[in-house]
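Here is the structure we will look at.
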Amino acid sequence: MSTDTRADEGGSLLARPLNWLETQSEEVYAYVLLIPAFALLALVAFYPLIETFRFSLLADAVASADPFGEFIGLDNYVDLLTGDTNFTQQFISISTTDSFPFVTFGAPFLQQALFVTLAFAIVSVLFETTIGFGQALVLDQDFYGRRWVRVSIIIPWAIPIVIQGMIFFLLFNPTIGFGTEFMQWLGVFGDNPLSSSTDSFLIVLVADIWKTTAFMALLILAGLQSIDRGLYDVAEVSGASPWQRFRYITLPLVAPALLVAMLFRTMDAMRIYGLIDATAGCETVPSLTCLVIIALQNSRRWATASAVAFLTAVVISGFVVLYLLALRDSEGGVA
Amino acid sequence: MVDRESDHDGGRVGVSRRRFLETTGAAGAAIGLAGCSGGGGGDGPIQITMDSEWQGISDTVSQSLYDAGLDESIEVEILPGDFESGARRSEFTSALDAGRASPDIFMMDSGWTIPFIARGQLVNLSEELSSETVDYVQSDYLESAVSTASDPGSGDLYGLPLFPDYPVMHYRKDLVEEAGYDPEGENWATEPMSWQEFAEIAADVWEQNGGQGGDFDYAFTTQADNYVGLSCCTFNETMTAFGGAYFGDHENLFGPIGDRPITVNEEPVHDTIRMMRSFMEGPDAEYAHPDFPQISTTDLLSFTEEPAREPFTSGNAIFHRNWPYAIPINLDSDSFEQADYDVMPLPYGVEAGEGDYEGTGGPAGALGGWHLTINPNTQRLDECVQVLEAFANEDVMQSNFAEGGYLPPDPSVTESVDPEEVGALGNFLDTLAVAGQNTVPRPVTVAWPDQSPQVASEVSAAYQGEKSPEEAMSDLESSLGDIESDLAQ
């Protein structure tokens, strides 16, 4: 008898919120269901970011068991932005002058992590998008042997980053690689490309373009295939040239997919690390992520590493905002 | 309106779906929580993180420890750490920063033990080991190895040197003899020659074999890449041989930070760079030393240990600077016979004692090597101490030498060892003994992790001829000074 009562009480305790839920609209119910996911997402995404920012406001303590020292406010950021850290590679190191061009580099351009990363991201995404677009246009056609072309385009994307890094490392290895001699014959590289910032930057750039163009091609191809073929028929009947068909049908309709693909690629390119580590090394081509690793692992400067990581997040989110603005416009245009 | 309707409908239909979600959600949470309560500790073996090669001989290592008197109830497990020293440092840094109790014992590089000591993250062995053992280590072990395992301030011992490592010059005896030299008669194995003499011999032997573009790509290979090995080792030892130093007298190697001279922008250091420029690009190149011939190429700029060794092992180089690990590999080479191969101590720049600073001049080889240290968070300190006591034993050192080729940290053991028992290394004991007497440790302090990349990067820039030796060393002087004043206590 008493057991029954308790079971009833338990049932009604559970039933009350459930019944309340039953009376809510589908929209409210959806949000209730989404709360745990949002909470988890906030925990996973924002907690580390906030903690990183908090760490970055503390001093480095290289000589004590606790890696963080006292609160020093924005000093770490000031050191990073004025090129005044103890690292060989700086986040950014420029100073202003009185005469044209009014700025001078404290360290060579390609030894400053921010410029290396920005230059890499912009140039690589530009080339990958252009070449990827070309490949997607070819793949969008019907022709004999299309399967094989698709496979051959996707192969570089299937190679693990470290293996790919090793390929390029060995190509330019002085004892066994033939890449250096070939590039010297073209008059492009010096004697030791993997020790020179400029040459190594180009090597990493080409390696990345070779690998990731396939990714762009596939995403753009998906966009191309969603375009209604009837539009082209109409255009052809109306006498539009191939260029006009591209300009007024393909480009505007593929733009949202293109921008999303570029957004992914830019975010990815801004985080470049593995390819550099496997080819020239972070000393030669210091990207932003390289600088985080150098600060964290070589110097055990956790606070400075946190500051670099946070600045990296800021730079990347700046790019994301630009893309989101462009995407909003393009969607408006399409609609 | 239509929307409202369908919403409402959806709500009704969704009753069972909602109940389902609620039930499965609760069940999932319960299972998740149950998963958290698993795990736990136990009385396992004492764990030592070493590397995969030590792990490969772990049975004989354990047996030799028991033979040396370790209680057989203490089981020792050797874990394979990362192959690369820097990666292992990061692994240990995070283990100690997080206060983890495992592993109980670390195998730490002599190049980065002191920062852990300075941070108070290791057990003070002077307080834990028996006074006999501490005395034995401090009086009989290789002094420069012990100094990289001790607190520079108090002199207390925090690491037990496991094995030291010092470089030798590997060379092709057959080619040298064919060229008219007499290594045996002139005692190359134990009497170091000068860099000048060495370079001229190397250039001559190379020339007789066709020189550049001839039978051999290089007369000499060493490591000159922009990496940690340049600052700790190859540049450090060559500069020391010429009488130069990073921080003046060698008593300043381990501090005091901020209160020691910075002596990189001086003539012996400039000369070292000029000599290396001549080796790579010839005496007529910019910033090269006119007295030294060309004996290699700029490929050296991208060589670390293995890339520098490969041309030698494959019969493409005549002389090669490397650690003793390369001896067994070279003896196995398909390109030359064992009898055609020998080693000798590294050359000197100026005579011993003629250097500008105490401890400099004479032949110098960088000191590498590894120590055993105890994790202060271990729950079984007594057993860890017993394991370390057992390692400080001559028979254990001999066994490690014979099984793994690890040099004994007590030089008298190296001298008394039976050449028959230690296999490949047995023929080269005399050279190793001489090399062991002429080692220079790297200047490890809490500032060194910041300073080392600065040294490597400036020296590399000077080697490449991007900067003059004076300009590079002046830049280095100021950046080392900045770090010193930044970290001065």
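All values below come from the heavy atoms of this structure, side chains included, with hydrogens, waters and symmetry mates left out. Below, chains carry the letters A, B, ... as their sequence lines are ordered, and counting in each starts from 1.
Residue B:Tyr218 touches chain A through its side chain alone, counting heavy-atom pairs closer than 4.5 Å. Only the side chain of B:Pro311 comes within contact range of chain A, with heavy atoms under 4.5 Å apart. The parts of B:Gln454 that come within reach of chain A are both its backbone and its side chain, each placing non-hydrogen atoms under 4.5 angstrom from that chain. Looking at B:Phe303, only its side chain comes within 4.5 Å of chain A, counting heavy atoms on both sides. Contacts between B:Ser479 and chain A at a heavy-atom distance below 4.5 Å are absent for every atom of the residue. Both the backbone and the side chain of A:Asn298 come within contact range of chain B, judged by heavy atoms closer than 4.5 Å. Proximity to chain A is limited to the side chain of B:Gln464, based on heavy atoms less than 4.5 angstrom apart. Both the backbone and the side chain of A:Ser195 come within less than 4.5 Å of a heavy atom in chain B.
At least one side-chain heavy atom of B:Asp97 sits less than 4.5 Å from a side-chain heavy atom of A:Arg300. Inter-residue side-chain proximity for B:Asp450 and A:Arg301 is flagged as met; some heavy-atom pair is nearer than 4.5 Å.
Most heavy-atom pairs under 4.5 Å with chain B: of the set A:Thr284, A:Asn86, A:Thr180, this distinction falls to A:Asn86. Among B:Gln451, B:Glu466, B:Gln121, the residue making the largest number of heavy-atom pairs under 4.5 Å with chain A is B:Gln121.
Within a 6.0 Å sphere centred on CZ of A:Phe109, heavy atoms belonging to other residues, nucleotides or ligands number more than 12. By the 6.0 Å contact criterion, CD on B:Glu306 is enclosed, its count of non-hydrogen atoms from other residues, nucleotides or ligands being greater than 12. More than 12 heavy atoms of other residues, nucleotides or ligands shown are found within 6.0 angstrom of CZ on A:Phe71.
We find the OG1-CG distance between A:Thr88 and B:Asn226 to be 7.5 Å, quoted to the nearest 0.5 Å. Note that CG of A:Asp84 is 7.5 Å distant from CG of B:Asp482, once rounded to the nearest 0.5 Å. Remark: A:Phe87 CZ to B:Ser457 OG distance equals 13.5 Å, nearest 0.5 Å. Rounding to the nearest 0.5 Å gives a distance of 7.0 Å between CG of A:Asp191 and CD of B:Glu281. Distance CD/B:Glu310 to CG/A:Asn173: 7.5 Å, rounded to 0.5 Å.
Residues B:Val446 and A:Val62 come closest through the heavy atom pair CG1-O, 4.0 Å.
Using a distance-only test at 3.5 Å, with no hydrogens or angles considered, no donor-acceptor pair links the side chain of A:Gln297 to the main chain of B:Arg89. A distance-only check finds no donor-acceptor pair linking the side chain of B:Arg119 to the backbone of A:Asp66 [under 3.5 Å].
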